[in-house]
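Quick one: the structure is below, and I'll ask about it shortly.
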4 protein chains.
Amino acid sequence: MKEQPNQERLRRFPQQARSQKRFNQLLDAAAEVFAEVGYEAATTNAIAAHAKTSIGALYRFFPDKLAIFHALAARYLNQIGELFAAFQVSEAAKLPLSSYISQVLDAFDQFVTANPGYRVVFVQSRFVSPDILAMDANLNRQVAHQLEAFFALRNPEQDPQERELIAAVCVEVASVLEILSLTRDQNFQKQVLAETKNLLIGYLQPYFPD
Amino acid sequence: MKEQPNQERLRRFPQQARSQKRFNQLLDAAAEVFAEVGYEAATTNAIAAHAKTSIGALYRFFPDKLAIFHALAARYLNQIGELFAAFQVSEAAKLPLSSYISQVLDAFDQFVTANPGYRVVFVQSRFVSPDILAMDANLNRQVAHQLEAFFALRNPEQDPQERELIAAVCVEVASVLEILSLTRDQNFQKQVLAETKNLLIGYLQPYFPD
Amino acid sequence: MKEQPNQERLRRFPQQARSQKRFNQLLDAAAEVFAEVGYEAATTNAIAAHAKTSIGALYRFFPDKLAIFHALAARYLNQIGELFAAFQVSEAAKLPLSSYISQVLDAFDQFVTANPGYRVVFVQSRFVSPDILAMDANLNRQVAHQLEAFFALRNPEQDPQERELIAAVCVEVASVLEILSLTRDQNFQKQVLAETKNLLIGYLQPYFPD
Amino acid sequence: MKEQPNQERLRRFPQQARSQKRFNQLLDAAAEVFAEVGYEAATTNAIAAHAKTSIGALYRFFPDKLAIFHALAARYLNQIGELFAAFQVSEAAKLPLSSYISQVLDAFDQFVTANPGYRVVFVQSRFVSPDILAMDANLNRQVAHQLEAFFALRNPEQDPQERELIAAVCVEVASVLEILSLTRDQNFQKQVLAETKNLLIGYLQPYFPD
DNA sequence: TATGAATGAGACTTCATTCAT
DNA sequence: GATGAATGAAGTCTCATTCAT
């Protein structure tokens, strides 16, 4: 993992339906393989094999291994964006804070459970590889921006820097605990989720009194 | 990172003083290199070079690359153990919870700041590599055990399962936020540390009323 | 460049006018690409793209990459044949040797300048690839034959072996110097051309006294 | 062949006798393989195999394939430099021109005959690959410089530009004809060598009258 | 017949690990 | 015991060629 930043993020963006499908197959496969062995140990051949394609097909879409990671991160970001979109509109701001947090965390929990690859992207994009770290694709920071938008609705007067800080803290906390929750059985997952809500609601209440 | 689990954790535990020193040099070097490029991209040659030894010498101490990682994790665990030991004894339990948390987090902050390799070990040992994950060297869980001991002093009646859960949550949260704090400048580090205290004290207060 | 000798030189010789045109477009494209990056680095896709056709279309004309090269060499040979034809007829033999040489070299210079791909074909067909070398498409030897015909007119008594030798020498010398001349600016090109005439006229004069 | 110019020409220059030997083995192997299939088609594995070493050993000496080529060219240049050195001293300038040319060409003929790889280096470094062409390792120009030194002794008044031009022409001509001579049997080789002398002496006589 | 997506052999290169010195 | 040269498996990526549409 010491690649130079690659020229173009994607070799070509798939427009045909068939390409689209192949593209998503590859990303699904990448998610699986990354989730299984991590970014570095994942081989492009393994990803292609999981996607039931040839290695050549993979390289028609992605200029290199790193680009696969970015595309996956981007897809997750989109999906999380949609997830947030379902709340931020109109009445979200009128919900009690605790309900909002609870619902968002439930949705996030479902999302991460359904997308085990997210775990790897979360981790890798923040900690492991300086190359990745250096890139703009910092998933968490982007997710935090979405949260900030919500905070702004609840408390427009808040210092934007403080808002950013708090959002970042929440995202980090929610993410690690989500990941922690997946390390054991379903019961544990539920317990950790409950604690997460507990923790974050307690943390945010003083900043956003209803 | 798909090495077979290695037979023996260490080829030989250093007994001579000189060996001891060489061993620690190697671990220091590993910490540096891991911190710089991550586990996978770190080469055993680079580690040996940083330690100003030969690659052959490295392999006299460690059967393979993974063993270096484990030894480093073990050393960190020891160090954190000592860090906790300074508190858990005697009067720690008599401190107000907030003081205790604050002091422990300060100590932890100093430790992680001084040991950038910890970040990598934390991450890798939890998320990235199943081989590592599968091993008993789960650093965080061990740290959590230390915290549980403290909790047990404060509230002996607490359900042990709940205690374990809460300790795990605290350790995860403290770790990610610590790592988050290191991603920007010193001011940010201080702010995140403050938020971490804030967050955890609020979280624990209900469980351990003074 | 270790293809098996291909069964058939061309998959089909273009007979329709439209095919003819497509065929020549492909050869033009190949010349460009070869000239730019050399034979090995030239990709069939790049050639097709330069010719504004599909890769599939390219493979309808040529069984493999090597065949493109041969077809290009053949086309150059034809063109050079025509170039010679303009001289060899009738009165060419009555010109003073120096005029003849001068004119032929001028024509050759113009040809090579206008066809940068020739340079690559010249080189590759003689030195680089044994596969190519082994084939009958040795451009230079064929050009030499044309020159021999002229020599035979000037001096029918000359030993044919000597004639062949001298012709080969002339062609080699003219070719490298032509190529040398193209490595710098136009002034250099003119100077080298002058030296080439000088050199070859001096060389041939004793064999073909006027 | 579109590599970026590699950082360092050599990974390490061999100083130990054993390294020295291995280094030369590798260069010999490279010469063989290049001579056999050309630069592009030569594989680093084949070179290592010919040298009876592992691919890893090869990469201890050379950062990449291109570096092997350069090292080989450099070695040839050294050898040719020594070859010239035997003449340029003292009395070389007192020899009749024809004797000098004849002796140099004989020596060059022996050298090229004994080093078939030279043919490839000569060709590649001038014509085929733009990447190589672009590099300073233009063998022929360097050889030409050596010839210029001799010319300067014979005719110090000569315009340096003219001198350079003539030297370049001579080197090119000698090189191609030498290569031509190797395309058939020994008899042909002798004949071409004789013609080369003939040609060059005739060419140079007017510039350097005895 | 034309297209260009797909295939996969094979090239270059790295690096964990061994072992002769 | 120490050294570091040597090994070679394995990874990333390219590109000639095929073939479904």
Side-chain angles (χ1 to χ4, degrees), chain A residues 1-3 6 11-12 14 16 18-19 22 40-49 52-68, chain B residues 1-3 6 12 16 18-19 22 40-49 53-60 62-68, chain C residues 1-3 16 18-19 22 40-49 53-60 62-68, chain D residues 1-3 6 12 14 16 18-19 22 40-49 52-66 68:
Chain A
M1 196 81 153
K2 54 187 144 195
E3 298 96 308
N6 45 359
R11 240 190 244 286
R12 57 192 285 293
Q16 314 294 329
R18 190 144 74 92
S19 272
R22 181 62 59 97
E40 305 276 359
T43 73
T44 50
N45 273 297
I47 293 171
K52 299 191 197 309
T53 349
S54 66
I55 183 68
L58 185 155
Y59 278 94
R60 273 190 70 70
F61 289 104
F62 306 100
D64 54 29
K65 191 181 166 186
L66 193 49
I68 305 174
Chain B
M1 195 87 154
K2 56 188 143 193
E3 296 96 309
N6 45 357
R12 65 196 269 293
Q16 315 296 328
R18 196 146 72 90
S19 274
R22 179 65 56 94
E40 302 278 356
T43 71
T44 50
N45 272 291
I47 293 171
T53 350
S54 66
I55 183 67
L58 184 154
Y59 275 91
R60 283 200 51 72
F62 306 100
D64 55 29
K65 189 181 167 186
L66 195 48
I68 305 173
Chain C
M1 194 88 153
K2 56 188 141 195
E3 298 96 309
Q16 314 296 329
R18 196 146 71 91
S19 274
R22 180 66 55 93
E40 302 278 355
T43 72
T44 51
N45 273 292
I47 293 171
T53 350
S54 67
I55 182 69
L58 184 155
Y59 275 90
R60 282 198 54 70
F62 306 100
D64 56 29
K65 190 182 168 186
L66 195 48
I68 306 173
Chain D
M1 195 83 154
K2 56 189 140 194
E3 298 95 308
N6 44 359
R12 58 191 284 293
Q16 314 295 328
R18 190 143 74 92
S19 272
R22 181 62 59 98
E40 305 276 358
T43 73
T44 51
N45 274 296
I47 293 171
K52 300 191 196 310
T53 349
S54 65
I55 184 67
L58 184 156
Y59 278 93
R60 274 191 68 71
F61 290 103
F62 305 101
D64 54 29
K65 190 182 165 187
L66 194 48
I68 306 173

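Chain letters run A, B, ... following the sequence lines, proteins first, then strands; residues in each count from 1.
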Q: For C:Ile47 and F:dC15, give me the distance from atom CD1 to atom C1', rounded to whole Å.
A: 12 Å

Q | Length of the CD-C1' vector between C:Glu40 and E:dA11, whole Å | A | 12 Å

Q | B:Leu58 versus B:Ala48, closest heavy-atom pair with distance | A |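 Nearest heavy atoms, B:Leu58 then B:Ala48: CD1-N, 3.9 Å.
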
Q. NZ of D:Lys52 versus P of F:dT7: gap in Å, rounded?
A.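 Going from D:Lys52 (NZ) to F:dT7 (P), I get 13 Å.
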
(Q) Using whole Å, what does the distance between atom C1' of nucleotide E:dT18 and atom CZ of B:Phe62 come to? (A)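 Rounded to the whole Å, the gap is 18 Å.
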
Q. Can you tell me how far the CZ atom of B:Arg60 sits from the OG atom of B:Ser19, to the nearest 0.5 Å?
A. 8.0 Å

Could you go through nucleotides 2-4 of chain E and list every protein N or O atom that sits under 3.5 Å from one of its N or O atoms, giving the distance for each pair?
| residue | atom | partner | partner atom | Å |
| --- | --- | --- | --- | --- |
| E:dA2 | OP2 | C:Arg60 | NE | 2.9 |
| E:dT3 | OP2 | C:Ser54 | OG | 3.3 |
| E:dG4 | N7 | C:Gly56 | N | 3.2 |

(Q) Categorize C:Ala49 for me: base, sugar-phosphate, or nothing, with a 4.0 angstrom heavy-atom threshold over every strand shown. (A)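 The answer is nothing, as C:Ala49 stays clear of every strand by at least 4.0 Å.
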
Q | Most 5' of C:Thr44 and D:Leu58 on DNA chain F, judged by nearest nucleotide | A | D:Leu58

Q. Any side-chain N or O of A:Tyr59 under 4.0 Å from OP1/OP2 of F:dC13?
A. yes

Q: Starting from C1' on F:dT18, measure out to NZ on C:Lys65 and report it in whole angstrom.
A: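 Rounded to whole Å, this separation is 17 Å.
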
(Q) Given a 3.5 Å cut-off on both pairing distances, which stems involving DNA chain F, each at least three consecutive Watson-Crick or G-U pairs, are present, if any? (A)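 Correct response: E:2-21 with F:2-21.
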
Q: Would you name the heavy atoms of C:Asp64 and C:Tyr59 that are closest together and state the gap between them?
A: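 What the structure gives for the nearest pair is CA-CE2, 4.0 Å.
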
Q. So which heavy atom on A:Ala42 is nearest to which on A:Lys65, and how close?
A. O-NZ, 2.8 Å

Q. Starting at the 5' end of DNA chain E, which residue's closest nucleotide do you reach first, B:Asn45 or D:Asn45?
A.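 Closest to the 5' end, via its nearest nucleotide, is D:Asn45.
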
Q: Calculate the interatomic distance between C:Ile68 atom CD1 and F:dC15 atom C1'; express it in whole Å.
A: 13 Å

Q. Looking across every strand, which nucleic acid part, if any, lies under 4.0 Å from C:Ala46 by heavy atom: base, sugar-phosphate, or nothing?
A. nothing

Q) NA contact type, D:Ala48, heavy-atom cut-off 4.0 Å: base, sugar-phosphate, or nothing? A)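 Touches nothing.
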
**Q.** Which atom of A:Phe61 lies closest to which atom of A:Pro63, heavy atoms considered
**A.**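 That would be O-CD, 4.1 Å.
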
